[in-house]
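Quick caveat, the model's predicted, so the values are computed rather than measured.
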Amino acid sequence: VQLQACGGGLVQAGGSLRLSCAASGRTFSSSTMGWFRQAPGKEREFVAAIEWSNGFTYYANSVKGRFTISRDNAKNTVYLQMNNLKPEDTAVYYCAARTGVISSTIASYDYWGQGTLVTVSS
């Protein structure tokens, strides 16, 4: 399984970015895809997740209402649309995959992408 994340960059506070995660190597119909982030000096934390089969989503409270996770089944790609970005959103963002229902638990995810850096300036 390979997960390729991209779309990070530098943006001013209040701006938007869209991250993409292209998945390959297996069938993801019974999987959950998640986005996590790790800020400098902090632990990795859950951001959002989506069940591949039905599109059910779940968000961390810190991003609810600002971030939207979605998927394109035909392209095997998951997106994270990030709006109204804040300096505290600055982190390396990782996409991950797990077999089964939605989860925010980092340890339950089996496959991880390489990460993409998002920097939000004030």
Side-chain angles (χ1 to χ4, degrees):
V1 175
Q2 290 188 331
L3 302 176
Q4 184 72 33
C6 63
L10 174 64
V11 63
Q12 288 188 331
S16 298
L17 280 175
R18 189 178 79 157
L19 306 183
S20 300
C21 176
S24 62
R26 58 162 285 179
T27 301
F28 290 90
S29 59
S30 61
S31 299
T32 292
M33 302 294 292
W35 285 99
F36 297 80
R37 66 186 181 186
Q38 188 165 16
K42 295 188 177 181
E43 294 186 351
R44 193 169 298 188
E45 64 176 6
F46 169 77
V47 175
I50 186 167
E51 289 186 5
W52 203 276
S53 60
N54 57 23
F56 180 73
T57 59
Y58 181 62
Y59 296 92
N61 288 336
S62 58
V63 306
K64 201 174 295 183
R66 299 188 298 122
F67 291 10
T68 302
I69 188 171
S70 62
R71 90 271 193 232
D72 184 327
N73 290 2
K75 296 182 178 179
N76 263 5
T77 299
V78 174
Y79 303 97
L80 185 68
Q81 178 67 42
M82 305 185 294
N83 298 329
N84 190 22
L85 282 161
K86 304 176 181 180
E88 52 263 42
D89 294 318
T90 294
V92 176
Y93 283 71
Y94 299 89
C95 62
R98 68 183 300 274
T99 301
V101 299
I102 211 160
S103 172
S104 61
T105 303
I106 294 172
S108 71
Y109 285 76
D110 303 304
Y111 307 101
W112 291 83
Q114 83 286 5
T116 184
L117 177 63
V118 172
T119 304
V120 184
S121 63
S122 57

Do Val11 and Phe67 land in one hydrophobic cluster if side-chain heavy atoms of ILVMFWY residues count as linked below 4.5 Å?
yes
Same cluster (ILVMFWY, side-chain, under 4.5 Å), Met33 and Ile106
no
Which atom of [X] lies closest to which atom of [Y], heavy atoms considered:
X: Ala5; Y: Gln114; result: O-NE2, 2.7 Å
X: Ala13; Y: Ser122; result: CB-CA, 4.4 Å
X: Ala23; Y: Leu3; result: CB-CD2, 3.6 Å

Atom [atom1] of [X] and atom [atom2] of [Y]: how far apart are they, to the nearest 0.5 Å?
X: Ser20; Y: Asp72; atom1: OG; atom2: CG; result: 10.0 Å
X: Ser24; Y: Lys75; atom1: OG; atom2: NZ; result: 15.5 Å
X: Leu117; Y: Gln38; atom1: CG; atom2: CD; result: 12.0 Å
X: Ser31; Y: Ile50; atom1: OG; atom2: CD1; result: 12.5 Å
X: Arg66; Y: Lys86; atom1: CZ; atom2: NZ; result: 4.5 Å
X: Leu80; Y: Cys21; atom1: CG; atom2: SG; result: 10.5 Å

Taking the side chain from [X] and the backbone from [Y], do they hold a donor-acceptor pair closer than 3.5 Å?
X: Arg71; Y: Trp52; answer: yes
X: Thr116; Y: Gly8; answer: yes
X: Thr90; Y: Glu88; answer: no
X: Arg44; Y: Arg37; answer: no
X: Gln12; Y: Ser121; answer: no
X: Thr32; Y: Gly100; answer: yes

With respect to Tyr109, which candidate in Phe36, Tyr94, Trp35 satisfies the ring-ring contact (aromatic ring centres under 6.0 Å, His included) definition?
Phe36
Would a line drawn from the ring center of Phe46 to the ring center of Tyr59 be shorter than 6.0 Å?
no
Within a reach of under 6.0 Å around CD of Gln2, are more than 12 heavy atoms found that belong to other residues, nucleotides or ligands?
no
Which is it for Ser103 and Ser108 under the side chain to side chain donor-acceptor pair (under 3.5 Å) test, yes or no, and what are the steps along the way?
CA-CA 7 Å; Ser103 172; Ser108 71; 3.1 Å; yes
Can you confirm whether Leu17 sits close enough to Leu85 that some side-chain heavy atom of one is under 4.5 Å from a side-chain heavy atom of the other?
yes
Side chains of Val101 and Glu51: does their closest heavy-atom pair fall under 4.5 Å?
yes
Per the side chain to side chain contact (heavy atoms under 4.5 Å, CB included) rule, which among Val63, Leu19, Asp89, Val47 passes with Met82?
Leu19
Side chains of Asn83 and Ser16, donor plus acceptor under 3.5 Å:
yes
